[in-house]
Amino acid sequence: MNVPQRVSIALILSVLIASPVFGQVAKLRNDPSYPLQLVAAVPNIINAGKMIDGAHVTLRNTGSVPCVAYAVTIVVRLTDGQARTMTMADDFAALGYQEAVNPIAPGQQFVRATQSRIPLGPNQQLAELEVFVDFVEMADGRTMGPDTRRMKDRFRDRRSIRQVERRRLLGLYQEAGVDALLKELQRP
């Protein structure tokens with residue numbers, strides 16, 4: 001039987017990810033009312049098991065409109081009873097434009113790796129990864145989620161600041177021309 005290479009690689013990776021030898025699979029907590037659903041989350045364990053280098057999280061937009069911002073919370077539980085939290089968030093409307101840039105389209109599956117590192121002590125190992133969608137904003141303005149990290153406020157503030165700066169630079173360009181704008185953009 002001749003299986004296309006990309007199918008066979010995807011099949012091998014999915015088997016490895018689900019295998020206890022490769023690493024533990026996360027406990028996904030999906031709220032079925034959210035259009036953004038978790039598909040998978042896999043911790044990245046490095047340095048001979050002495051460090052958790054974030055996780056790869058796969059999301060799918062099951063809704064009918066694009067997702068323009070989200071935040072995912074990852075609770076890392078260790079064998080000694082300690083727990084640490086990582087947050088992964090993206091704002092596709094961060095530049096303050098009317099339309100989001102490359103939002104998660106309806107039906108699209110989206111993979112992102114967290115940037116958080118958690119060093120493990122000599123008697124610590126990963127016991128469990130629990131992952132949940134903490135905040136979702138859709139292109140039609142709907143938001144949902146417990147928003148424990150107040151990402152809605154953070155995203156709004158960032159967008160507002162960037163919008164003000166964009167207007168300032170546009171005004172400079174209109175008043176003084178392209179040379180003045182380029183000089184301003186090259187300032188440290």
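Nothing fancy with the numbering, it's 1 onward along the sequence.
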So, Thr79 side chain and Gln125 main chain: donor-acceptor pair closer than 3.5 Å or not?
yes

Pairing of [X] and [Y] as salt bridge, 4.0 angstrom limit:
X      : Y      : result
Glu165 : Arg162 : no
Lys152 : Glu137 : no
Arg156 : Asp153 : yes
Arg159 : Asp91  : yes
Arg149 : Asp134 : no

What are the two closest heavy atoms between Cys67 and Pro103, and how far apart are they?
O-CB, 3.2 Å

Heavy-atom closest contact (Ala113 atom, Met88 atom, distance):
C-SD, 4.4 Å

I need the [X] [atom1] to [Y] [atom2] distance, nearest 0.5 Å.
X     : Y      : atom1 : atom2 : answer
Asn47 : Leu120 : CG    : CG    : 9.5 Å
Thr58 : Leu38  : OG1   : CG    : 9.0 Å
Arg84 : Arg77  : CZ    : CZ    : 13.0 Å
Gln82 : Gln124 : CD    : CD    : 5.0 Å
Leu78 : Asn123 : CG    : CG    : 11.5 Å

Check whether [X] and [Y] end up in the same hydrophobic cluster, where Ile, Leu, Val, Met, Phe, Trp and Tyr are linked by side-chain heavy atoms less than 4.5 Å apart.
X      : Y     : result
Val131 : Leu36 : yes
Val76  : Val57 : yes
Leu126 : Leu28 : yes

Taking everything shown except Phe110 itself, do over 12 heavy atoms lie less than 6.0 Å from its CZ?
yes

Check whether any side-chain heavy atom of Met86 sits under 4.5 Å from a side-chain heavy atom of Ile118, and report yes or no.
yes

Do Ser33 and Met144 come close enough that some side-chain heavy atom pair is under 4.5 Å?
no

Using 30° and 60° as the class boundaries, would you call the ring planes of Tyr70 and Phe92 parallel, tilted or perpendicular?
tilted

Indicate the ring-plane relationship of Phe155 and Phe135, choosing parallel, tilted or perpendicular according to the 30° and 60° boundaries.
tilted

With a 3.5 Å cut-off and no angle check, do the side chains of Gln108 and Asn61 form a donor-acceptor pair?
no

